[in-house]
Visitor: 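Here it is, the structure, as structure tokens.
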Amino acid sequence: MKHFVYADNSATTPISDEVLTAMLPYLKEGYGNASSIYSKGREAKQALEAARQTAADCLGAQPGEIYFTSGGSEADNWAIKGAAAAGAKKGRRHIITTAFEHHAVLHTVQALEKQGFEVTYLPVGRNGIVDPEDVKKAIRDDTCLVSVMYANNEIGTIQPIAQIGAICRERHVWFHTDAVQAVGNVPIDVVKENIDMLSLSGHKIHAQKGIGVLYLRRGIVLENLIHGGAQERSRRAGTENVAAIVGLAKAMELACSSIEEKQKKLIPLRDKLITELCKIERSHLNGDPTRRLAGNVNISFEGVEGESLLLMLDMNGICASSGSACTSGSLDPSHVLLAIGLPHEVAHGSLRLSLDWCNSQEDVDYILEVLPQIIQRLRAMSPLWERIKKENIDYGI
Amino acid sequence: MKHFVYADNSATTPISDEVLTAMLPYLKEGYGNASSIYSKGREAKQALEAARQTAADCLGAQPGEIYFTSGGSEADNWAIKGAAAAGAKKGRRHIITTAFEHHAVLHTVQALEKQGFEVTYLPVGRNGIVDPEDVKKAIRDDTCLVSVMYANNEIGTIQPIAQIGAICRERHVWFHTDAVQAVGNVPIDVVKENIDMLSLSGHKIHAQKGIGVLYLRRGIVLENLIHGGAQERSRRAGTENVAAIVGLAKAMELACSSIEEKQKKLIPLRDKLITELCKIERSHLNGDPTRRLAGNVNISFEGVEGESLLLMLDMNGICASSGSACTSGSLDPSHVLLAIGLPHEVAHGSLRLSLDWCNSQEDVDYILEVLPQIIQRLRAMSPLWERIKKENIDYGI
Amino acid sequence: MIYTDKVMDHFTNPRNVGELADANGIGEVGNPKCGDIMKMYLKIENGVISDIKFKTFGCGAAIATSSMATEMIKGKTIEEALKLTNSAVVEALEGLPPAKIHCSVLAEQAVKTAIADYYTRLGIDPKPIVGELTECDACHLH
Amino acid sequence: MIYTDKVMDHFTNPRNVGELADANGIGEVGNPKCGDIMKMYLKIENGVISDIKFKTFGCGAAIATSSMATEMIKGKTIEEALKLTNSAVVEALEGLPPAKIHCSVLAEQAVKTAIADYYTRLGIDPKPIVGELTECDACHLH
Ligand SMILES: Cc1ncc(COP(=O)(O)O)c(C=O)c1O
Ligand SMILES: Cc1ncc(COP(=O)(O)O)c(C=O)c1O
């Protein structure tokens with residue numbers, strides 16, 4: 001049988017059996033509208049509120065602080081646009097974020113720039129980690145929001161969120177973190193870390209696509225992004241997707257209770273990949289080698305182009321990504337890799353392998369068997385590689 | 001066995017077996033991210049685009065005009081806020097809608113009023129139907145949007161959409177219709193009816209909750225409601241919920257191909273309920289008797305309060321609603337019933353029964369057996385009923 | 001909104017429903033526009049509420065609070081009945097959803113209004129005994 | 001982006017990959033910053049492209065269009081080769097995703113650049129024959 005290795009778990013994950021089992025009753029007989037008064041509706045409502053409690057528990061939050069959304073992107077948009085609108089009312093039109101946020105954050109703040117907001121994009125350095133001191137220096141009297149992601153989706157680097165949270169709290173500036181990649185990989189406590197708003201997404205942790213959470217600290221009131229019915233305490237309209245919500249809660253419960261175990265499993269696999277792949281001539285690990293997600297490997301291979309690398313991996317049964325999945329089809333190299341200082345030509349040749357529960361030592365061995373051959377094959381037909389070798393080009397990385 | 005009658009199909013519907021069967025592969029092994037380049041991703045993308053084609057076909061639209069959203073509420077918000085922002089750029093800050101729209105429309109235009117937009121709320125008359133002449137008269141040079149729902153969610157009245165569409169097209173004003181309750185009940189052709197934007201929701205037609213469509217006529221460009229990744233041709237970010245989308249397409253296909261059959265089945269059941277229930281002393285049918293959804297019955301019973309009516313029906317295994325499900329918990333009577341001229345005290349005593357494929361003649365007979373007894377019981381303990389009878393109050397309806 | 005079993009019990013089998021032909025204190029509160037009217041009939045003998053009935057137009061909570069309130073003061077002295085608070089009714093029902101607390105206020109007011117009527121019929125000014133009775137403001141009409 | 005079977009075939013088994021030691025016309029187009037470089041080696045004898053090889057750094061479509069273009073002009077006269085359009089390459093590949101059309105433009109340009117080089121080596125001004133060669137503007141760096 002042909003090998004199949006799914007090593008793109010940061011793009012999305014399969015729904016786990018436990019989650020699907022939790023969802024199915026609500027995809028079938030438990031179809032009642034959670035706002036309906038009769039028993040079928042009340043049962044749905046109870047399931048919804050139990051899920052909210054579970055989600056809150058996983059973050060150290062209160063159930064009244066949990067708002068279910070249609071995913072990470074909606075949560076990011078709501079948090080940022082809402083905070084900006086609240087800020088503007090007080091004449092505060094300055095936002096701080098980083099240069100390597102997910103597009104759900106970046107494109108949202110860019111839309112706000114067009115509306116007259118001023119945005120500071122913090123640098124992230126070659127190791128892909130924001131310096132809390134830079135946050136401190138960037139805060140102004142008219143800053144209404146700091147948004148720094150918890151873990152980067154491409155290079156997996158984990159940010160000093162607790163330190164940034166403390167700085168923002170001290171300066172009375174709202175602090176949002178996109179924790180889509182962090183939940184289930186890093187223990188999170190919104191209270192201890194002084195997080196005011198946090199986004200997460202179900203499909204990264206084995207729940208369905210199209211479901212997520214915005215945590216809003218008690219006392220933070222944002223204008224709705226989606227107006228309408230009285231769902232989610234009148235703050236997010238739309239008939240509640242109870243099946244997906246129940247699944248999300250189950251997924252969060254499972255993910256947040258197994259963080260250590262997951263790290264124990266994945267870190268050796270990750271580090272084996274990193275060690276071996278970095279032995280390939282002119283390859284470069286992107287992002288801090290240890291302050292990164294347990295399953296994240298991101299390496300650039302000079303002289304190779306990412307898409308053809310992915311296609312060849314796919315032909316060998318390996319699913320991986322280059323840049324983030326959302327921007328495939330784009331001709332531009334990943335903004336994340338540019339932000340950590342890679343030259344364009346090197347950024348183009350980057351590979352992300354993101355491991356999860358499904359992966360094994362055999363997978364790693366198989367990748368290590370296949371990948372170097374592919375690199376070799378592509379380099380053999382690459383005029384860029386020819387030039388790099390001939391001119392002994394040094395990209396200074 | 002106790003009878004169970006689900007007569008609240010306008011609130012939500014169960015996922016049909018065909019739809020769940022279509023979804024399951026994408027809830028299981030077909031989990032690939034539709035933006036990913038490897039085969040698992042491409043398969044998801046293909047399913048997504050096939051679904052888009054199906055959805056387009058059901059509306060007489062082109063696939064490039066279909067945008068998947070997280071439901072009817074998001075679609076309404078996006079259409080209205082987007083059109084308002086586009087209008088404002090040209091100095092057009094006047095919006096026309098009706099007094100009895102769903103809250104997803106009403107609360108959105110109310111939010112825009114706070115931002116300086118002017119909104120005309122068209123009257124709908126005792127029969128619950130908008131007069132196209134009123135639309136014509138209300139259009140001004142600075143009107144940027146007309147939004148009139150296709151079928152009302154409480155009283156089921158069907159609006160003269162084609163006529164309104166023609167008027168708007170002639171006056172070069174964008175026309176949006178919330179067709180959440182109409183899809184699958186009324187044949188819709190966005191081209192013939194000159195519809196520029198149309199919202200629909202999956203869970204009203206046996207697909208999952210949390211999925212919907214905004215149809216945007218080619219040439220209409222709206223600012224994103226949700227910024228981020230390049231999904232939905234960069235106009236609606238967020239990893240695509242392929243399972244729910246595939247299910248929605250299947251549901252639309254089934255619903256739109258069986259409209260006549262459904263009407264043939266439901267109209268006799270509906271009319272039997274209306275005829276018999278209107279024999280109850282001091283009961284009033286709300287909305288036009290024929291220009292209404294095939295499954296919609298909405299009747300007010302003087303001297304009775306809706307919530308206790310629903311609870312008693314529930315105790316007898318009958319699921320129904322009073323006002324719309326979204327606002328339960330509210331103390332206010334339905335804005336729809338007030339809009340068609342019911343006095344508050346009568347509006348409080350209203351019942352909506354919404355029938356669908358699951359309902360039978362037996363269900364109707366059972367409702368007709370149980371409901372009059374409940375009305376009698378509640379009236380017997382109602383001081384309002386006592387007064388109505390004693391003073392022979394005439395509400396003039 | 002999810003009601004407790006106790007609320008559902010009093011809604012399904014309300015105690016003391018009906019009218020009292022020989023009532024000597026009748027109180028009606030609420031407003032049909034708000035969707036709630038409670039009417040209480042008291043039979044007071046020797047300062048004791050010897051019988052009580054009610055009629056209510058309203059939601060499940062309105063019916064349940066009326067029923068519970070009548071049960072709580074039946075057989076009690078006027079003094080005891082006047083001590084009935086809305087929160088005691090809520091507690092006896094093992095809780096009410098926040099949006100429905102106003103029903104318990106209405107029940108308390110219905111009892112007081114009926115007792116006030118009793119005194120008025122006797123030619124006694126009820127105000128010093130029962131206190132000022134204000135309109136329930138739970139229902140805000142738009 | 002979904003490639004046709006034909007594209008995948010040419011990507012998986014690219015024809016004419018490599019270098020030509022005795023090439024008498026070499027053209028390189030593209031820019032590493034954009035993620036695409038194509039280099040074509042032509043051996044032209046008696047006005048006929050008797051051999052051709054390519055090397056490409058780029059995406060699947062870049063490799064497939066290079067491969068297809070070489071196949072389409074191998075054994076053809078210079079005149080025929082100069083008539084090769086990007087849309088003919090796209091057609092031969094049974095289509096390309098819109099975002100990838102620029103690769104086919106690059107392939108056309110690579111052929112023309114190599115032919116121009118052939119004339120230049122012969123001391124002949126290629127411009128009147130090959131036309132003006134402009135930089136591909138498919139890649140907009142920010
Ligand atoms: C007419 C109408 N519009 C919009 C909606 C909102 O749809 P959704 O619940 O999918 O957000 C509904 C139903 O809830 C509706 O009936
Ligand atoms: C860091 C980050 N933020 C936001 C998102 C968007 O989440 P969703 O796809 O649920 O909208 C993703 C994944 O796509 C992500 O990795």
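So that the names make sense, note that chain A is the first sequence line, chain B the second, and so on, each numbered from 1.
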Visitor: Taking all atoms of both residues into account, what is the closest heavy-atom pair of S382(A) and F57(D), and its distance?
Guide: OG-CB, 3.6 Å
Visitor: Over all heavy atoms of both residues, which pair between A61(D) and E307(A) is shortest? Give the atoms and the distance, please.
Guide: N-OE2, 4.2 Å
Visitor: So which heavy atom on G58(D) is nearest to which on S308(A), and how close?
Guide: O-OG, 2.7 Å
Visitor: In Å and rounded to the nearest 0.5 Å, what is the NZ to CE distance from K55(D) to M381(A)?
Guide: 9.5 Å
Visitor: Counting only non-hydrogen atoms closer than 4.5 Å, does M315(A) touch chain D with its backbone (N, CA, C, O), its side chain (CB onward), both, or neither?
Guide: side chain
Visitor: For S66(D), is it the side chain, the backbone, both or neither that has a heavy atom under 4.5 Å from a heavy atom of chain A?
Guide: neither
Visitor: If a pair satisfies side-chain hydrogen bond (donor to acceptor under 3.5 Å, both in side chains) and one of its residues is in residues 119-133 of chain D, list it, with sequence neighbours excluded.
Guide: D117(D)-R121(D)
Visitor: Where is the tightest heavy-atom contact between K39(D) and E386(A), given as atom of each residue plus distance?
Guide: NZ-OE2, 3.1 Å
Visitor: So for atom CD, which belongs to E80(D), do other residues, nucleotides or ligands contribute more than 12 heavy atoms lying within a distance under 6.0 Å?
Guide: yes
Visitor: Please tabulate, one pair per line, all N/O donor-acceptor pairs under 3.5 Å involving side-chain atoms of residues 115-123 of chain A, not counting sequence neighbours.
Guide:
from: E118(A); atom 1: OE1; to: R140(A); atom 2: NH2; distance (Å): 3.0
from: E118(A); atom 1: OE2; to: R140(A); atom 2: NH1; distance (Å): 2.9
from: T120(A); atom 1: OG1; to: H94(A); atom 2: NE2; distance (Å): 2.6
from: Y121(A); atom 1: OH; to: E113(A); atom 2: OE1; distance (Å): 2.9

Visitor: Around atom CD of Q376(A), are there more than 12 heavy atoms from other residues, nucleotides or ligands closer than 6.0 Å?
Guide: no
Visitor: State the CG-CE distance between L311(A) and M8(D), to the nearest 0.5 angstrom.
Guide: 5.0 Å
Visitor: Just verifying a value: how many Å separate H344(A) NE2 and N31(D) CG, rounded to the nearest 0.5 Å?
Guide: 9.5 Å
Visitor: What part of A347(A) gets closer than 4.5 Å to chain D, counting heavy atoms only: side chain, backbone, both or neither?
Guide: neither
Visitor: Mind checking whether P383(A) and M38(D) have side chains closer than 4.5 Å, heavy atoms only?
Guide: no
Visitor: Using heavy-atom distances under 4.5 Å, tell me whether V346(A) contacts chain D through its side chain, its backbone, both, or neither.
Guide: neither
Visitor: Chain A heavy atoms under 4.5 Å from I37(D): which part of the residue, side chain, backbone, both or neither?
Guide: both
Visitor: Please flag which part of A62(D) lies under 4.5 Å from any non-hydrogen atom of chain A: side chain, backbone, both or neither.
Guide: neither
Visitor: Between F11(D) and R377(A), what is the shortest heavy-atom contact and its length?
Guide: O-NH2, 4.4 Å
Visitor: If we define contacts as heavy-atom pairs under 4.5 Å, which of P32(D), C59(D), G60(D), P14(D) has the most with chain A?
Guide: C59(D)
